[in-house]
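As structure tokens, the structure follows; a few thoughts come after it.
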Amino acid sequence: MTAKECIKGRRSIRRFTEQPIDHSLLEEIIETASYAPSWKHTQIARYIAVEGGLKDRIADECTDDYPHNGTIIRRAPMLIVVTILKSRSGYERDGSFSTKRGDGWQMYDAGVASQTFCLAAYEKGIGSVIEGIFDEARVAELLEVPEDREVVALIPIGYPAEEPAAPRRKPVEELLTFK
């Protein structure tokens with residue numbers, strides 16, 4: 001599969017088969033995802049794989065603001081919780097910010113890492129969807145996430161039980177400007 005085929009073929013999957021994901025396969029996906037670029041190569045993304053009852057607790061207790069996310073999590077055999085190391089991306093060693101974006105670089109790195117993870121998973125036949133509406137504090141509490149980390153995304157994953165069509169894309173002329 002070419003990079004173009006991977007990018008154009010990946011879809012947000014919200015329905016999964018019950019087939020579990022082998023842990024060694026997940027390790028391969030994470031190894032590939034570790035090549036995501038990051039601010040000054042800080043590599044702040046950390047992943048927590050959640051299965052079984054704890055996954056269902058996250059679905060039940062952390063998605064009140066958007067219950068459909070809980071439904072998707074319950075359908076998935078595994079949930080990846082993306083966390084970042086705080087106070088690294090966008091910071092200099094003395095604790096000052098390198099740019100006007102301050103700690104905003106953390107979320108750039110989290111987004112790049114999450115999408116790289118999803119593309120690596122797709123290449124291995126694993127479907128995914130990135131969720132951003134959930135109770136971050138409760139997820140961190142349930143998973144006992146260390147204080148130096150922040151929960152930034154939930155990614156339900158599994159073997160796809162659907163093949164969504166590609167949504168319409170804006171034409172290049174609308175997306176690109178030459179000056």
Side-chain angles (χ1 to χ4, degrees), residues 7 10-23 25-27 29-30 32-34 36-39 42-90 101-122 124-164 167:
I7 292 166
R10 189 212 163 265
R11 299 281 168 271
S12 292
I13 301 298
R14 294 172 176 86
R15 294 183 188 279
F16 307 91
T17 70
E18 293 181 13
Q19 181 180 351
I21 296 172
D22 186 86
H23 290 191
L25 178 60
L26 180 61
E27 289 170 358
I29 293 167
I30 295 295
T32 300
S34 74
S38 61
W39 171 269
T42 50
Q43 300 180 71
I44 63 170
R46 299 294 185 271
Y47 308 90
I48 303 170
V50 186
E51 301 170 297
L54 187 53
K55 175 187 68 75
D56 293 338
R57 281 190 70 192
I58 291 171
D60 294 339
E61 298 176 28
C62 304
T63 60
D64 289 345
D65 288 342
Y66 192 67
H68 186 58
N69 280 350
T71 301
I72 297 166
I73 293 168
R74 276 188 291 284
R75 290 177 182 159
M78 185 179 285
L79 175 66
I80 302 300
V81 178
V82 181
T83 70
I84 57 169
L85 297 174
K86 295 179 188 176
S87 303
R88 299 244 180 112
S89 187
R101 295 209 189 278
D103 69 355
W105 286 107
Q106 295 178 143
M107 295 313 266
Y108 283 99
D109 285 355
V112 170
S114 295
Q115 180 63 2
T116 302
F117 171 88
C118 291
L119 290 170
Y122 175 70
K124 296 292 188 180
I126 303 297
S128 62
V129 61
I130 301 171
E131 297 181 348
I133 304 172
F134 59 92
D135 184 339
E136 297 95 344
R138 182 67 180 138
V139 171
E141 181 183 335
L142 286 171
L143 297 178
E144 299 176 356
V145 173
E147 288 293 317
D148 68 337
R149 290 196 209 174
E150 179 180 347
V151 176
V152 294
L154 302 179
I155 306 177
I157 64 171
Y159 291 93
E162 64 179 350
E163 291 185 32

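The figures here come from the full heavy-atom set of this structure, side chains too, leaving out hydrogens, waters and symmetry mates.
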Heavy atoms of Ala153 and Ser114 approach each other most closely as CB-OG, 4.2 Å
So NZ of Lys124 and CG of Leu26: to nearest 0.5 Å the spacing works out to 12.0 Å
One should read off an interatomic distance between Glu162 CD and Thr17 OG1, to the nearest 0.5 angstrom, of 11.5 Å
Exactly one of Leu79, Val129, Ile80 clears side-chain contact (heavy atoms from CB on, under 4.5 Å) with Leu154, and that residue is Leu79
| message | Measuring only between side-chain heavy atoms, which start at C-beta, is Arg46 closer than 4.5 Å to Leu85? | response | yes
*Ignoring hydrogens and geometry, is there a side-chain-to-backbone donor-acceptor pair from Gln19 to Gly158 under 3.5 Å?*
no
d(Ile126 CD1, Leu25 CG) to nearest 0.5 Å is 5.0 Å
Apply side chain to side chain contact (heavy atoms under 4.5 Å, CB included) to Glu150 and Glu136, showing your working. CA-CA 8 Å; Glu150 179 180 347; Glu136 297 95 344; over 6 Å; no
With distance as the sole test, does Arg10 use its side chain to make a donor-acceptor pair with the main-chain N or O of Gln115 at under 3.5 Å? no
Correct closest heavy-atom pair for Ser87 and Gln106 would be N-OE1, 2.9 Å
Please check if the side chain of Lys86 supplies one atom and the backbone of Glu147 the other of a donor-acceptor pair under 3.5 Å.
-> yes
Looking at side-chain heavy atoms only, is the closest gap between Asp65 and Phe134 below 4.5 Å?
no
Interatomic distance, CG@Asp56 vs CD1@Ile73, rounded to 0.5 Å, equals 9.5 Å
Exercise for review: Without swapping roles, check the side chain of Asn69 against the backbone of Ile133 for a donor-acceptor pair under 3.5 Å.
Suggested key: yes
Distance col, row Leu143:CG vs Thr83:OG1, nearest 0.5 angstrom, shows 9.5 Å
task = Taking Lys55 for its side chain and Ala76 for its backbone only, find out whether a donor-acceptor pair lies under 3.5 Å.
result = yes
**OP:** Tell me, yes or no, whether the heavy-atom count around Arg11 atom CZ, taken from other residues, nucleotides or ligands under 6.0 Å, exceeds 12.
**Re:** yes
Flag, side chain of Glu131 to backbone of Pro156, donor-acceptor distance under 3.5 Å: no
- Message: Any non-hydrogen side-chain atom of Thr71 less than 4.5 Å from a side-chain atom of Thr63?
- Response: no
For Tyr108 and Trp105, take the angle between the two ring planes, folded into 0 to 90°, and tell me which bin it lands in: parallel under 30, tilted 30 to 60, perpendicular over 60. tilted
Distance col, row Ile84:CD1 vs Gln43:CD, nearest 0.5 angstrom, shows 14.5 Å
Residues Ala113 and Ala36: closest non-hydrogen pair is CA-CB, 3.9 Å
Nearest heavy-atom approach of Met78 to Ala49 is SD-CB, 4.0 Å
When every non-hydrogen atom of Phe16 is compared with those of Gly127, the smallest separation belongs to CE2-O, 3.6 Å
**Prompt:** Is there a side-chain contact between Ile48 and Val145 (heavy atoms, below 4.5 Å)?
**Reply:** yes
*asked:* For a 4.5 angstrom cut-off between non-hydrogen side-chain atoms, does Ile58 reach Leu142?
replied: yes
What one should report as the nearest heavy-atom pair of Pro77 and Pro20 is CB-CA, 4.2 Å
The side-chain contact (heavy atoms from CB on, under 4.5 Å) partner of Val152 among Val82, Ile44, Val81 is Val82
